[in-house]
Amino acid sequence: MAVTIKTQQEIDLMRGAGRLAAEVLEMIGPFVVAGISTGELDRICHNHIVNVQKAIPAPLNYNGFPKSICTSVNHVICHGIPDDNKILKEGDIINIDITVIKDGFHGDTSKMFAVGVIAPHAQKLISVTMDCLYKAIALVGPGVHLGDLGNIIQLHAESHRYSVVRDYCGHGIGRIFHEDPQVLHYGQPQTGMQLREGMTFTIEPMINAGTRHTKLSRTDGWTVTTVDRRLSAQWEHTLAVTSTGCEVLTQRQEENFKIGVG
Ligand code: MF3
Ligand code: CO
Ligand code: CO
């Protein structure tokens, strides 16, 4: 599959989808408290996406995924399946990953939530992982190599003695959920594809407190955990490359990216 370059009209539609995905994360925040189940979080998001936003939750039935969002708690790296029997407890950390389809285009974004008071080491993992994403976003612009993005993420994570998950990556996005190119979260500067204006893709680093190694559940075929059962964190945005830098299409109100400045 080739990399697609979006027209300004297509970027406008991507911006609409991205805003809705971000808005789901803003909406669900107050519900992420001890005692709620991840199944209930899924129902709230599903109903909001379908009934309020008049949009489509992209994960539902995607390659057989059974729910509308991904909920990945503690040592779950990604693709956690919401479950009425999975009750959040004080001290948990959870990634909620939202992808919506609106007017034929996808918006894909995730963030970490703390359930009540969490351990300092858990908060630090969350913060360093967020900074990995933000440092990569700050680099994005025409002519930048994909390897430059992976390298800055890897350097920051490893400077804190964390590891970068290699088995899952970011991706091009548009009319199709997962388009080319693959966006690795590790690598060498000046290697890989060069970015061009009009490219839209995600950056979604998964950073482990322990080793980088992953294990896919044999029971459900989706849930990815750390082999050493230590914590993992992830943050994700959908971006569009502009003439001068990038636009964060899934920016939340709590964030403050400069638009079009690389
Ligand atoms: N939202 C995930 C991503 O960032 C993909 C989830 S696919 C699903 O690419 F099937 F697990 F929902
Ligand atoms: Co993604
Ligand atoms: Co996602």
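Just follow the structure's listing: the first ligand is 1, and inside any ligand the first atom is 1. Reckoned from all heavy atoms, side chains included, excluding hydrogens, waters and symmetry mates.
- At a threshold of 2.8 Å, the Co ion (ligand 2) has no backbone or side-chain N, O or S atom of H178 nearer than that distance.
- Through side-chain heavy atoms spaced under 4.5 Å, either directly or across other Ile, Leu, Val, Met, Phe, Trp or Tyr residues, Y168 is tied to I77, V165, M206, L216, V224.
- Salt-bridge annotation for D97 and K111: absent, with no side-chain N of the basic residue lying under 4.0 Å from a carboxylate O of the acidic one.
- With waters neither drawn nor counted, the protein N/O/S atoms under 2.8 Å from the Co ion (ligand 3) amount to 4.
- D148 and P189 make their closest contact through OD1-CA, 3.2 Å (heavy atoms, listed as atom of the first residue, atom of the second, distance).
- E158 has no carboxylate O lying under 4.0 Å from a charged side-chain N of R212, or vice versa, which leaves the two without a salt bridge.
- The salt bridge (charged side-chain N to carboxylate O under 4.0 Å, His left out) search around K124 returns none, not counting sequence neighbours.
- Side-chain N or O atoms of S232 include none that pairs as donor or acceptor with a backbone N or O of H75 at under 3.5 Å.
- Side-chain atoms of E23 and Q53 form a donor-acceptor pair, as typed in the model, at a separation below 3.5 Å.
- Taking the ring centroids of H48 and F31, they lie at or beyond the 6.0 Å cut-off.
- One finds the NZ atom of K6 at 3.0 Å from the OG1 atom of T200 (value rounded to the nearest 0.5 Å).
- The main-chain N or O of G210 is never found under 3.5 Å from a side-chain atom of N208 such that the two would form a donor-acceptor pair.
- The 4.0 Å heavy-atom shell around ligand 1 contains residues P59, Y62, F65, C70, H79, D97, T99, D108, H171, F177, H178, E204, W222, E236, ordered by chain and number.
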